[in-house]
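We name chains A, B, ... by the order of the sequence lines, and we start the count at 1 in each one.
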Protein chains: 2
Amino acid sequence: MVVEMELSDSEVDRIFRALADSTRRDIVRRTLAEEASVSDLAAAYDMSFAAVQKHVAVLEGAGLVTKRPHGRERYVRGNPHTIRRAQQLLDAYEQIWRARIGRLDDLLAEDPRPS
Amino acid sequence: MVVEMELSDSEVDRIFRALADSTRRDIVRRTLAEEASVSDLAAAYDMSFAAVQKHVAVLEGAGLVTKRPHGRERYVRGNPHTIRRAQQLLDAYEQIWRARIGRLDDLLAEDPRPS
DNA sequence: GTAACGTACAACCAAATGGTTGTAGAAATG
DNA sequence: CATTTCTACAACCATTTGGTTGTACGTTAC
């Protein structure tokens with residue numbers, strides 16, 4: 001059994017913050033589908049190399065991608081594990097809501113003629 | 001069949017941005033479990049009423065909560081629909097990754113003695 | 001060896017964020 | 001009616017963000 005470490009608030013902050021930008025989401029998409037060097041990525045967007053480099057750094061800080069050095073290049077790879085952690089977080093909210101619905105159902109199911 | 005509207009990039013930005021703050025995540029949790037007035041919420045955090053009001057506004061702008069006026073109060077309610085939309089977005093990333101694994105599996109399954 | 005390429009990083013800037021206080025109005029209370 | 005409560009919103013402030021350009025350095029190619 002795999003023991004999943006608790007994520008701290010600030011780690012969760014970083015994950016969602018990192019996903020709150022369409023360029024970064026696109027980088028995640030690309031690098032989940034296929035490894036890409038930072039230059040490969042930079043070529044795909046209408047902004048400076050340094051800007052793309054910063055986006056990658058934000059994603060790396062959030063654990064959404066990893067970088068693998070190869071010669072003078074850095075290969076960026078999307079990290080499905082962190083995506084799954086984010087899904088689990090959202091799922092917890094769903095469960096909270098379902099629990100509320102369950103409570104309401106219970107109320108409605110009670111004897112309609114209480115003392 | 002329910003037709004799900006496409007979310008624009010900026011709408012997705014707003015959803016993840018809104019979730020990238022632990023106070024706001026807590027407000028979502030509370031209001032998914034049970035409606036609460038803005039004052040109820042403000043009483044729960046160590047910050048000004050106006051600050052909490054702003055957090056609620058950010059969540060409302062992202063569609064993560066709705067406000068229902070009742071007399072002088074505004075009842076805040078978590079919106080499970082938007083949570084689910086966010087889950088779907090993350091799920092799409094999972095799928096992209098799985099597709100890559102699938103492609104790799106296909107490669108490995110090929111005739112190990114190609115021409 | 002020299003030039004070109006890929007990356008890192010600092011400095012800078014405008015805009016957005018997350019907090020504050022203060023003012024004002026609408027609804028409930030006494 | 002007067003007062004309190006709940007909310008809205010403006011103005012302000014420090015920090016962070018998302019972009020830029022410029023410099024430096026290791027690696028590859030000629």
Task: Expected output: side-chain Arg24(A) to main-chain Ala18(A) donor-acceptor under 3.5 Å - done: yes

Task: Side-chain (Thr82(B)) to main-chain (Gly63(B)) donor-acceptor, under 3.5 angstrom - done: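 Yes: the side chain of Thr82(B) pairs with the backbone of Gly63(B).
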
Open item on the list: Using a 6.0 Å cut-off, check whether atom CD of Glu34(A) has over 12 heavy atoms from anything other than its own residue.
Closed with: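 Incorrect, the count does not exceed 12.
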
Open item on the list: Counting only heavy atoms from other residues, nucleotides and ligands, does the tally under 6.0 Å from CD of Glu94(B) exceed 12?
Closed with: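 Buried by this count: over 12 neighbours within 6.0 Å.
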
Task: Heavy-atom protein contacts under 4.0 Å, nucleotides 1-13 of chain D, coded B base, S sugar-phosphate only, - none - done: ----BSBBB-B--

Open item on the list: List the residues meeting salt bridge (charged side-chain N to carboxylate O under 4.0 Å, His left out) with Asp26(A), not counting sequence neighbours, and say none if there are none.
Closed with: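 Testing Asp26(A) for salt bridge (charged side-chain N to carboxylate O under 4.0 Å, His left out), a comparison that skips the adjacent residues, returns Arg29(A), Arg30(A).
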
Open item on the list: OP1 or OP2 of dG19(D) versus the side-chain N and O atoms of Ser48(A): is any pair under 4.0 Å?
Closed with: no

Nearest-Å distance, [atom1] ([X]) to [atom2] ([N])?
| X | N | atom1 | atom2 | answer |
| --- | --- | --- | --- | --- |
| Arg14(B) | dT17(D) | CZ | P | 20 Å |
| Arg25(A) | dG18(D) | CZ | P | 12 Å |
| His55(A) | dT20(D) | NE2 | C1' | 12 Å |

Task: Minimum heavy-atom distance Asn79(B)-Leu32(B), with the two atoms named - done: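 Nearest pair, atom of Asn79(B) first, then Leu32(B): N-CD2, 4.0 Å.
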
Task: Residues Ser10(B) and Asp13(B): side-chain donor-acceptor under 3.5 angstrom - done: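 Judged by distance alone, the side chains do not pair up.
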
Could you run down the sub-3.5 Å N/O contacts of the protein with nucleotides 14-17 of chain C?
{"from": "dT17(C)", "atom 1": "O3'", "to": "Arg17(B)", "atom 2": "NH2", "distance (Å)": "3.0"}

TODO: Tell me, with the steps shown, if Glu35(A) and Val76(A) meet side chain to side chain contact (heavy atoms under 4.5 Å, CB included).
DONE: CA-CA 6 Å; Glu35(A) 265 192 346; Val76(A) 182; over 6 Å; no

